[in-house]
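Single-structure report; data block below.
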Amino acid sequence: MSKVHDFLNEAGVFFLATVDGDQPRLRPLGFHMEMEGKEMFGVGDFKDVYKQLTANPKVEIVACKPDGHWMRYTGKAVFDTDPKYEAAGLEVMPNLKDIYNEKTGHHMAVFHLEDATAVDIAMMGPGEDLLA
């Protein structure tokens, strides 16, 4: 999984695609962490993206690096509900504590992808399987 993690670190911002009924939805994200051998992501449990992921867990994440390589990471979102994942996420990105806390009542819903594929694609070349 570390190749995916390293790619996302180098890209910085990446995009998460979900489905809202029959309409695709795409949004930028920056939070990710590697924990227990899984690449994990977080979204607000009060946001539409969370509702979309629970209704249809099929997602795709796309990230682009400055060198022109881009990654397509596709799979099924599985939520990790143990509070330790949210706590770890808030340690990775402490500025999120302003959003996710007891005062706001909002929580970060942490998920990873299962049945996933991840491909590093050069702008003008073949792709490389990042999970092999």
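Everything numeric in this text was worked out from a predicted model, so none of it was measured. Residues take their numbers from the sequence shown, with the count starting at 1.
F41 places none of its side-chain heavy atoms less than 4.5 Å from the side chain of L53. Looking at D129 and T117, their side chains never come closer than 4.5 Å, going by heavy atoms from C-beta outward. For the pair Q52 and V59, the minimum side-chain heavy-atom distance is 4.5 Å or more. Between F79 and Y50, the closest side-chain pair of non-hydrogen atoms falls below 4.5 Å. For the pair F7/H69, a side-chain contact is recorded, criterion being any heavy-atom separation below 4.5 Å from C-beta on. Between R25 and V49 the shortest side-chain heavy-atom distance does not fall below 4.5 Å.
We find the CD-CE distance between E60 and M71 to be 10.0 Å, quoted to the nearest 0.5 Å. Residue I61 holds its CD1 atom at 5.0 Å from CG of L113, rounded to the nearest 0.5 Å. Taking CG from L131 and CG from D120, the interatomic distance works out to 11.5 Å, rounded to the nearest 0.5 Å. Atom CZ of residue F31 and atom CG of residue L90 lie 7.5 Å apart, to the nearest 0.5 angstrom. The line from NZ of K38 to NE2 of H112 is 4.0 Å long, rounded to the nearest 0.5 Å.
Under a hydrophobic clustering in which Ile, Leu, Val, Met, Phe, Trp and Tyr are joined whenever their side-chain heavy atoms come within less than 4.5 Å, directly or via other members, V92 and L96 fall into the same cluster. Linking Ile, Leu, Val, Met, Phe, Trp and Tyr whenever their side-chain heavy atoms come within less than 4.5 Å puts V110 and F46 in one cluster.
E86 approaches Y100 most closely through the heavy-atom pair OE2-CB, 3.9 Å. Residue Y73 comes nearest to A118 through the heavy atom pair CD1-CB, 3.6 Å, listed as atom of the first residue, atom of the second, then distance. Taking every heavy atom of both residues into account, V13 and P28 meet most closely at CG1-CB, 3.8 Å. The minimum heavy-atom distance between I99 and T104, with the atom names listed, is O-OG1, 2.7 Å. Minimum heavy-atom separation, F14 to A63: CB-CB, 3.7 Å. Here the closest heavy-atom approach between residue V19 and residue G21 is recorded as CG1-O, 3.0 Å.
At a cut-off of 3.5 Å, with distance as the only test, a side-chain donor of R27 or T18 sits close to an acceptor on the other residue. If you check the side chains of H107 and D45, you find no donor sitting under 3.5 Å from an acceptor.
Scanning for salt bridge (charged side-chain N to carboxylate O under 4.0 Å, His left out) contacts around K76 gives an empty result, with sequence neighbours left out. Listed by chain and residue number, N56 satisfy the side chain to side chain contact (heavy atoms under 4.5 Å, CB included) test with K58 (two or more places apart in sequence, or in another chain). Partners of M35 according to the side chain to side chain contact (heavy atoms under 4.5 Å, CB included) rule, which considers only residues two or more places apart in sequence or in another chain, are M33, M40, K84, Y85, A88.
Of the charged side-chain nitrogens involved, none lies within less than 4.0 Å of a carboxylate oxygen, so that D6 and K3 do not count as a salt-bridged pair.
Between the side chain of N101 and the backbone N or O of D98, at least one donor-acceptor pair lies under 3.5 Å. With E39 contributing its side chain and H32 its backbone, the two residues share no donor-acceptor pair below 3.5 Å.
Applying the 6.0 Å contact sphere to CD of Q23 captures more than 12 heavy atoms from other residues, nucleotides or ligands.
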Pair K97-E91, salt bridge (Lys or Arg N to Asp or Glu O under 4.0 Å): steps then yes or no: CA-CA 9 Å; K97 291 178 184 179; E91 291 306 313; 3.2 Å; yes

